[in-house]
Amino acid sequence: MTSAAASPRRPRRPSWAGRNYSLLTAAAVVTNLGSNGSLIAAAFAVLDAGGDGGDVGLVAAARTLPLVLFLLIGGAVADRLPRHRVMVAANALNCLSQAAFATLVLAGEPQLWQMMLLTALGGTGQAFFSPAAEGMLMSTVDGEQAGRAFAVFRMAMQGAALGGAALGGAMVAAIGPGWVLAVDAAAFAVAGALRSFLDVSHIPPREPGGGMLADLRDGWREFAGRPWLWGIVLQFSVANAVVAAAESVYGPLVARDHLGGAGPWGLALGCFGAGTVAGALLMTRWKPRRLLFVGTLCVFPLALPSAALAVPVSAGVLCAVMFLTGLTVEVFGVSWMTALHQEIPEDKLSRVSAYDWFGSVALVPLASALAGPAELAFGRTAALWGCAVLVVVVTAAVLCVSDVRNLTRRTKHVAQGAPDAANGSADAERPVGGLG
């Protein structure tokens, strides 16, 4: 008894998984479980109300447009105010908009404009939430264990997204889309409550600034002064746009005509989600020294799904391709977050994250809108090959940026200075034992 009492108590969680990190991870799991099911529920709510595919697209666009419009403002606000308060306010807005959406659906026949308005409110909340959440997460972990922490966080988030989509689809079929939307509203309420307990005492208070426009200009200078940063954001502006067009427009059509319908396509998307979980698990152990070089090489497989749909391959081969793509893209995701964490000053994390998010989603609505005309002009097969080629071209182009090839992992978080801090330190860094 004496020896047992004298022995040190084994910690229940790793040293890098502190209170804030655990709260953020738990809240992300809750919201991803609800949100991924609600995406399916919203589409079926539109269809059940008598809408068609075009109406589903309008509701989806209503969410994306305010996301693009307000992201930069959201980033500036998140660096000016306590980030956890911005996150909680955004969760409250999402909770109220989803609750109203659920009430309309359960009460009868919602009008298209009502669904678009409520979905737009949800997109507005996301525009303020995302930069604040990314900045909060990055300020929560230390430099040496950042990569592992981000990998575990993303693994939990991707696993919840995968489970939420599967559970949401089953619930829509069993109890209807209105109740799934209500569950998502409750999930936002729970997540907001968890995030209200975040401790921000470790974040130094912001010095008085020159206003919102000055903050945006400051964030732009931080963004534009780093070639590796704006180069990769430009790369993903194109890559995300063409991949979104291929998956949202061409994928279901190929599945209908060649793969046997929605079932195989849903399975393929599920395999992509499983691949992202596997990739995050891999990154809890693998810590590549040349972060962005390895991560960018892992973006090339993002061209494979479009090429597979262009052939088209069998459903089994497509599932394997999607799994591999999800795995490799997640390697990039963790590497990217780690690079941002070590290179961007803490007080500018949310603004830089906002420019990253803005570049990543800005072209998605345009590409989705042009997917149909491109198919009519060039044919579906040629359009899909074009998507694959564009991914390869922009990924190869960003490898021409020397900072992308040479940026290396650091053992400590030292990014508090000028934008060119990364350039002089690459050769001095060593890999440690142990990223949108």
Side-chain angles (χ1 to χ4, degrees), residues 21-44 60 63-64 67 87 90-91 94-95 98 119 122-123 125-127 129-130 133-134 137 149-173 177 180-181 183-192 194-195 236 240 243-244 246-248 251-252 262 265-284 302 305 319 322-334 336-337 353 357 360-361 364 435-436:
Y21 178 87
S22 300
L23 285 171
L24 287 168
T25 303
V29 168
V30 171
T31 48
N32 273 272
L33 281 170
S35 296
N36 282 272
S38 73
L39 292 175
I40 301 171
F44 278 92
R63 179 179 181 82
T64 306
L67 181 62
M87 296 165 69
N91 285 165
N94 285 125
C95 174
Q98 287 295 73
T119 304
Q126 186 69 23
F129 173 83
S130 296
E134 194 156 319
L137 176 65
F150 295 145
V152 172
F153 178 85
R154 290 177 66 95
M155 181 169 60
M157 190 173 64
Q158 300 287 14
L162 181 60
L167 183 62
M171 289 177 64
V172 167
V180 178
L181 292 168
V183 168
D184 187 37
F188 276 116
V190 172
L194 289 172
R195 288 166 177 141
F236 271 87
N240 282 343
V243 169
E247 290 191 356
S248 64
W265 179 239
L267 180 61
L269 293 176
C271 287
F272 178 86
T276 62
V277 175
L281 180 60
L282 170 66
M283 293 303 286
T284 64
L302 197 60
C319 286
M322 295 290 276
F323 181 87
L324 174 64
T325 303
L327 189 153
T328 56
V329 166
E330 193 63 19
V331 171
F332 169 83
V334 175
W336 178 246
M337 288 189 70
S353 174
W357 272 82
S360 298
V361 303
V364 170
L435 113 320

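What you see is a predicted model, and the numbers here were worked out from it, not measured in a lab.
The two residues L162 and G270 have their closest heavy-atom pair at CD1-O, 3.5 Å. Considering all non-hydrogen atoms of both residues, G34 and A187 come closest at CA-CB, 4.3 Å. Here the closest heavy-atom approach between residue A278 and residue F323 is recorded as CB-CZ, 3.8 Å. Minimum interatomic distance between T25 and F153 (heavy atoms only, all atoms of both residues): OG1-CD1, 3.5 Å. The minimum heavy-atom distance between N91 and A191, with the atom names listed, is OD1-C, 3.8 Å. In plain terms, the two heavy atoms of A42 and L181 that are nearest each other are N-CD2, 4.4 Å.
How far OG of S353 is from CG of L137: 10.0 Å, rounded to the nearest 0.5 Å. Within the model, atoms SG of C319 and CG of L324 stand 13.0 Å from one another, a figure rounded to the nearest 0.5 Å. Going from atom CZ of F236 over to atom CH2 of W336 covers 8.5 Å, rounded to the nearest 0.5 Å.
Evaluation of the side-chain contact (heavy atoms from CB on, under 4.5 Å) rule for V183 yields M171 as partners, not counting sequence neighbours. By the side chain to side chain donor-acceptor pair (under 3.5 Å) test, E330 pairs with R154, Q158, sequence neighbours left out. Residues that satisfy the side chain to side chain donor-acceptor pair (under 3.5 Å) test with T276, not counting sequence neighbours, are absent from this structure. In this view, N94 satisfies the side chain to side chain donor-acceptor pair (under 3.5 Å) rule with no residue, not counting sequence neighbours. Checked against ring-ring contact (aromatic ring centres under 6.0 Å, His included), F129 has no partners two or more places apart in sequence or in another chain. Taking the side-chain contact (heavy atoms from CB on, under 4.5 Å) definition, one finds that L281 meets it with M155, T284, sequence neighbours left out. Under the side-chain contact (heavy atoms from CB on, under 4.5 Å) criterion, A244 pairs with V364, not counting sequence neighbours. For A189, the side-chain contact (heavy atoms from CB on, under 4.5 Å) test picks out C95, with sequence neighbours left out.
With a 4.5 Å cut-off on side-chain heavy atoms, R195 and T31 count as touching. The side-chain heavy atoms of V29 and M157, taken from C-beta on, include no pair separated by under 4.5 Å. Between F150 and M283, every side-chain heavy-atom pair lies at or beyond the 4.5 Å cut-off. Within the 4.5 Å cutoff, the side chain of L282 has heavy atoms near those of the L327 side chain. Using a 4.5 Å heavy-atom threshold, the side chains of D184 and S35 count as touching.
A donor-acceptor pair under 3.5 Å is absent between the side-chain atoms of N240 and the main chain of V361, judged by distance alone. At distances below 3.5 Å, at least one donor-acceptor pair connects side-chain atoms of Y21 with backbone N or O atoms of A149.
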